[in-house]
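Just so it is clear: chains get the letters A, B, ... in the order the sequence lines come, proteins before strands, and each one is counted from 1.
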Number of protein chains: 2
Amino acid sequence: MTKSETRKPQAALPLNEILAGDCIEVMNGLPEASVDLIFADPPYNLQLRGDLHRPDNSKVDAVDDAWDQFGSFDHYDSFTRDWLAAAKRILKPNGAIWVIGSYHNVFRLGAELQNQGFWILNDVVWRKSNPMPNFRGKRLTNAHETLIWASKGEGAKYTFNYEALKALNEGIQMRSDWVLPICTGNERLKDDAGDKAHPTQKPESLLHRIILGTTNAGDVVLDPFFGTGTTGAVAKMLGRDFIGIEREEAYREAARKRIEKVRKFDREALEITGSKRAEPRIPFGQLVERGMLRPGEELYSIGNRFKAKVRADGTLVGNDVKGSIHQVGAHLEGAPSCNGWTYWHFKRDGKMVPIDLLRQQIRAEMN
Amino acid sequence: MTKSETRKPQAALPLNEILAGDCIEVMNGLPEASVDLIFADPPYNLQLRGDLHRPDNSKVDAVDDAWDQFGSFDHYDSFTRDWLAAAKRILKPNGAIWVIGSYHNVFRLGAELQNQGFWILNDVVWRKSNPMPNFRGKRLTNAHETLIWASKGEGAKYTFNYEALKALNEGIQMRSDWVLPICTGNERLKDDAGDKAHPTQKPESLLHRIILGTTNAGDVVLDPFFGTGTTGAVAKMLGRDFIGIEREEAYREAARKRIEKVRKFDREALEITGSKRAEPRIPFGQLVERGMLRPGEELYSIGNRFKAKVRADGTLVGNDVKGSIHQVGAHLEGAPSCNGWTYWHFKRDGKMVPIDLLRQQIRAEMN
DNA sequence: ACTCTCACTGAATCAGCGG
DNA sequence: GCCGCTGATTCAGTGAGAG
């Protein structure tokens with residue numbers, strides 16, 4: 001993400017509100033390139049049954065049958081095309097989108113994302129730990145839904161908090177299959193009659209993982225099919241701004257009440273494990289300037305197979321090759337590249353210590 | 001399946017052979033409505049850009065074969081349209097098709113299946129127990145592939161051996177997510193040079209589940225992208241007839257040799273699917289995502305000597321030390337290691353409760 | 001025979017900054 | 001936008017060979 005993106009004033013953007021109306025029209029009224037993440041749980045609503053098929057299926061002419069299906073898929077495809085185009089317009093260049101669906105609609109969604117130039121980063125399987133069983137025993141238990149994570153285009157710099165998700169998974173990198181329960185119990189919103197307020201309320205755990213992993217604090221998360229506002233509730237908890245769009249007043253009202261009650265986590269709790277890439281760059285020459293390593297001193301490769309001599313300008317010379325710690329290491333190993341910081345070691349009290357330790361000392365002093 | 005279908009003589013059908021040539025042309029030469037099941041593992045159209053190296057600098061052996069190169073989505077879609085149409089023609093009215101793909105191509109596959117009037121019965125997720133990691137930490141580990149199971153049309157009477165799959169799953173209804181290892185070890189075919197004979201050989205366990213669950217003994221299973229013949233090998237084991245179609249002579253030859261060695265009802269081979277069940281690993285972060293513990297909440301050590309605060313990414317911070325529940329516990333105790341699950345406690349109704357209790361709740365839900 | 005270590009591998013759309 | 005340099009980055013499993 002570039003600085004100009006985050007700092008651009010967005011007075012016209014209605015933050016932390018639930019907008020009423022059709023999502024395509026509402027999105028078209030928002031400024032372009034203004035949101036960081038879109039999460040969309042569009043309706044399935046294929047309406048293939050009843051209207052389009054005669055009662056006696058076997059007698060329907062095959063061509064007519066195919067035409068009917070084309071017709072109905074066409075309608076859904078055109079709806080998908082329109083809302084995805086509207087979503088793409090309001091997305092920042094380095095923003096991203098998540099969509100969720102089941103086998104009824106997710107193939108249409110994924111194909112249309114690709115057609116519009118979105119670049120798929122992962123498809124993610126939400127593996128439900130407590131799905132509804134298949135009562136008639138005619139198919140496999142439908143125990144998952146599919147999410148697609150895509151950037152605005154190939155080469156875009158999407159946000160991915162790798163280390164935070166790795167931490168969430170106890171130190172092992174997060175996989176594309178997520179085991180999470182469906183939304184039940186106290187989390188499931190009920191209406192005044194005690195019935196579920198929304199038929200497909202998504203669990204907060206799902207949104208927690210998405211928002212934590214693919215946005216930064218302060219980002220704007222938009223949900224064009226807001227429903228009862230899971231996206232807004234989790235965004236608020238995690239210190240992100242949200243924009244919800246929802247047609248039905250009953251859902252908007254339920255979502256408003258729900259989000260009202262949500263408390264933002266405190267600042268320390270929201271601090272996440274960061275990447276080493278974000279740390280300040282320390283040139284190797286600084287270790288020499290500061291006298292942590294003396295010109296002429298010898299460094300030893302990992303495994304002790306090679307050695308090289310430090311020069312006053314912060315380059316190394318080893319085996320008649322001169323260059324940076326990375327270049328000399330790569331050359332000696334015959335490798336395309338080499339991280340000199342972890343490759344080269346110096347001797348202290350007879351032990352081999354990686355030069356990266358000295359860099360860490362400098363970084364610690366800087367804080 | 002009707003009796004007339006199974007008993008119709010099919011003299012023209014070349015059973016248990018591997019046919020050479022382009023799969024569309026070959027399928028068009030076969031009699032219509034003549035096969036019971038089609039399993040298709042078409043090219044994925046991966047669109048890889050450059051080389052990829054592991055952290056140890058070794059190069060990843062990527063799928064860069066000519067057969068996986070398509071110029072555009074249009075080109076890929078037209079290829080998909082043609083082979084699916086040819087496949088549909090030779091399928092019996094009550095036959096079914098399985099296709100497999102990754103996010104690169106599976107949305108095109110699924111959409112085109114629907115466009116041609118195939119009726120999707122389930123999408124199935126093959127969750128790999130040992131996928132290749134994401135070496136650069138830029139995305140989620142791509143740990144699954146997607147299969148689609150579809151009948152020839154809505155209302156068709158497909159074959160589904162519900163009880164057999166339930167038995168295979170230790171008495172519990174089979175779900176739409178299958179955890180199976182990728183094809184390695186002795187099962188992976190090697191060429192004379194000792195390299196893998198085919199870049200994308202599928203595991204027999206996957207085909208075992210498909211053929212056992214969705215065909216009857218004596219059925220004809222056709223695979224238009226036969227490769228090194230996993231479909232044929234498993235069909236033979238299970239007493240089904242197969243038809244393979246493959247363009248490359250080297251793959252056909254490897255498949256022929258392989259299938260030659262297979263014996264029908266080889267007990268040992270059938271037991272591949274019976275996998276050992278370990279207790280599922282539950283990362284601490286899941287307790288946070290699921291709202292069982294709130295970011296900012298305090299945990300207390302066993303004996304109440306220390307406390308630490310929960311962060312949104314499932315790490316703890318206590319005494320200025322950040323890290324996993326195990327790391328922070330070990331640091332505070334000055335111990336080399338610590339089981340954070342039994343060490344850390346939260347307060348409920350004034351009592352101290354170990355966080356392990358929450359993990360047990362999650363495990364109970366999963367069974 | 002058994003254990004331990006090391007090397008290798010798998011359908012992958014896998015970097016970012018400064019000049 | 002291009003070029004070149006810096007330096008960040010991996011999980012589960014198999015199998016050969018050493019001890």
Side-chain angles (χ1 to χ4, degrees), chain A residues 1-2 114 118-123 150-151 153-155 157-158 160 162-163 166 169 171-176 275-279 281-285 303 314-315 323-327 329-330 335-344 355-356 359, chain B residues 41-65 67-70 73 100-106 126 128-146 179 181-188 190 194-196 198-203 225 227 278 281:
Chain A
M1 181 172 311
T2 64
Q114 290 178 316
F118 285 98
W119 194 246
I120 298 183
L121 300 166
N122 278 114
D123 61 336
S151 66
E154 186 180 1
K157 288 181 206 153
Y158 54 92
F160 181 53
Y162 174 75
E163 293 292 346
K166 190 173 170 179
N169 195 31
I172 294 167
Q173 72 180 194
M174 186 69 80
R175 300 167 38 119
S176 59
S275 162
K276 284 183 194 165
R277 281 174 232 266
E279 298 196 68
R281 203 179 77 87
I282 311 287
F284 175 72
T315 56
S324 73
I325 52 173
H326 316 295
Q327 288 165 336
S337 69
C338 170
N339 183 347
W341 290 105
T342 51
Y343 181 76
W344 292 110
I355 57 174
D356 199 37
R359 182 171 64 161
Chain B
D41 182 12
Y44 285 11
N45 188 22
L46 284 187
Q47 305 181 53
L48 304 176
R49 300 302 191 220
D51 287 344
L52 178 63
H53 292 89
R54 296 184 170 82
D56 66 3
N57 272 325
S58 64
K59 190 176 157 209
V60 173
D61 183 16
V63 178
D64 53 3
D65 306 69
W67 50 253
D68 197 46
Q69 309 297 323
F70 293 83
F73 281 131
I100 181 167
S102 66
Y103 66 83
H104 309 84
N105 70 324
V106 77
W126 169 26
K128 302 178 184 182
S129 54
N130 50 351
M132 184 158 67
N134 187 293
F135 296 115
R136 304 299 295 263
K138 303 315 288 182
R139 300 185 180 187
L140 302 164
T141 307
N142 199 358
H144 73 276
E145 293 188 30
T146 302
V179 182
I182 59 176
C183 184
T184 58
N186 281 334
E187 192 187 321
R188 188 88 195 209
K190 304 288 195 304
D195 299 321
K196 55 190 175 191
H198 191 282
T200 70
Q201 185 182 341
K202 295 293 174 288
F225 306 96
R281 201 177 62 88

Do any N or O atoms of the protein come closer than 3.5 Å to N or O atoms of nucleotides 13-18 of chain D, and which pairs are they?
residue, atom, partner, partner atom, Å
D:dG15, OP1, B:Asn186, N, 3.3

Next on the checklist: Suppose you measure atom C1' in C:dA1 against the same atom in D:dG19; what distance do you get, rounded to whole Å?
Outcome noted: 13 Å
Next on the checklist: What's A:Glu154 touching, base or sugar-phosphate or nothing? Going by heavy atoms closer than 4.0 Å.
Outcome noted: nothing
Item to check | Contact nearer the 5' end of DNA chain D, comparing A:Lys166 with A:Ser337 | outcome: A:Ser337
Checklist entry - Which part of the nucleic acid does B:Pro203 contact within heavy-atom distance under 4.0 Å: base, sugar-phosphate only, or nothing? => result nothing
Checklist entry - Quick one: is B:Arg54 getting a side-chain N or O under 4.0 Å of the D:dA8 phosphate, OP1 or OP2? => result no
Checklist entry - Would you say C:dC8 has OP1 or OP2 under 4.0 Å from some side-chain N or O of B:Arg188? => result no
Checklist entry - Say you pick atom C1' in C:dT13 and the same atom in D:dG13; how far apart are they, in whole Å? => result 26 Å
Next on the checklist: Whether B:Lys128 and B:Glu145 form a salt bridge (side-chain N of Lys/Arg under 4.0 Å from carboxylate O of Asp/Glu) is what I want to check.
Outcome noted: yes
Next on the checklist: Can you work out whether A:Ser324 or B:Gly137 has the more 5'-proximal nearest nucleotide on DNA chain D?
Outcome noted: A:Ser324
Checklist entry - Checking all strands, does B:Cys183 fall into the base, sugar-phosphate, or nothing category for heavy-atom contacts under 4.0 angstrom? => result nothing
Checklist entry - Any idea if C:dT13 is syn or anti, going by the 90°-from-0 cut? => result syn
Checklist entry - B:Gly50 near the nucleic acid: base, sugar-phosphate alone, or nothing, with a heavy-atom cut-off under 4.0 Å? => result base
Checklist entry - Given that both pair distances must be under 3.5 Å and the pair must be Watson-Crick or G-U, what runs of three or more consecutive pairs involve DNA chain C? => result C:2-10 with D:11-19, C:15-19 with D:2-6
Next on the checklist: Quick one, A:His326 with A:Ser324, criterion side-chain hydrogen bond (donor to acceptor under 3.5 Å, both in side chains). Give me CA distance, side-chain angles, the key distance, then yes/no.
Outcome noted: CA-CA 5 Å; A:His326 316 295; A:Ser324 73; 5.2 Å; no
Next on the checklist: Taking 5.5 Å and 30° as the limits, would you call B:Phe135 and the base of C:dC14 a stacked pair?
Outcome noted: no
Next on the checklist: By the 4.0 Å heavy-atom rule, please label B:Asp41 as base, sugar-phosphate, or nothing.
Outcome noted: base
Item to check | Whole-Å C1' distance, C:dA12 and D:dC5 | outcome: 25 Å
Next on the checklist: With a 4.0 Å cutoff (strictly under), does any side-chain N or O of A:His326 reach OP1 or OP2 of D:dT6?
Outcome noted: no
Checklist entry - Hey, is B:Arg49 close enough to A:Glu154 for a salt bridge, meaning N to O under 4.0 Å? => result yes
Next on the checklist: With a cut-off of less than 4.0 Å, is there a side-chain N or O of B:Lys196 near OP1 or OP2 of C:dG10?
Outcome noted: yes
Next on the checklist: If I pick the P atom on C:dC17 and the same atom on D:dA8, what distance separates them, to the nearest angstrom?
Outcome noted: 13 Å
Item to check | C1' gap between C:dG16 and D:dG1, integer Å | outcome: 15 Å
Next on the checklist: Base, sugar-phosphate or nothing for B:Thr200? Non-hydrogen atoms, less than 4.0 Å.
Outcome noted: base
Checklist outcome for this item: Which of D:dG7, C:dA11, D:dT10 is nearest the side chain of A:Trp341? It is D:dG7
Checklist entry - How would you label the contact of A:Ile172 with the nucleic acid (heavy atoms, under 4.0 Å): base, sugar-phosphate, or nothing? => result sugar-phosphate
Next on the checklist: Need one value for A:Glu279: base, sugar-phosphate or nothing, where a base atom within 4.0 Å counts as base even if backbone is also close, heavy atoms only.
Outcome noted: nothing
Item to check | C:dT13 phosphate, OP1 or OP2, under 4.0 Å from B:Asn142 side-chain N/O | outcome: yes
Checklist entry - Going through the distances and angles, do A:Tyr158 and B:Lys138 end up as a side chain to side chain contact (heavy atoms under 4.5 Å, CB included)? => result CA-CA 9 Å; A:Tyr158 54 92; B:Lys138 303 315 288 182; 3.7 Å; yes
Item to check | Comparing B:Asp195 and A:Trp119 on DNA chain C - which has the more 5′ nearest nucleotide | outcome: B:Asp195
Next on the checklist: Does A:Asn169 form a side-chain hydrogen bond (donor to acceptor under 3.5 Å, both in side chains) with B:Arg281? I'd like the steps, not just the answer.
Outcome noted: CA-CA 10 Å; A:Asn169 195 31; B:Arg281 201 177 62 88; 3.3 Å; yes
Next on the checklist: Please determine whether any donor N or O and acceptor N or O are separated by less than 3.5 Å between the side chain of B:Arg139 and the base of C:dT13.
Outcome noted: yes
Item to check | OP1 or OP2 of D:dA8 under 4.0 Å from side-chain N/O of A:Asn339 | outcome: yes
Checklist entry - When you compare D:dT6 with C:dC14, how far apart are their P atoms, in angstrom units rounded to a whole number? => result 24 Å
So which protein N/O to nucleotides 15-19 of chain C N/O distances come out below 3.5 Å?
residue, atom, partner, partner atom, Å
C:dA15, OP2, B:Arg136, NH1, 3.3
C:dA15, O3', B:Lys138, NZ, 3.3
C:dG16, OP1, B:Lys138, NZ, 3.3

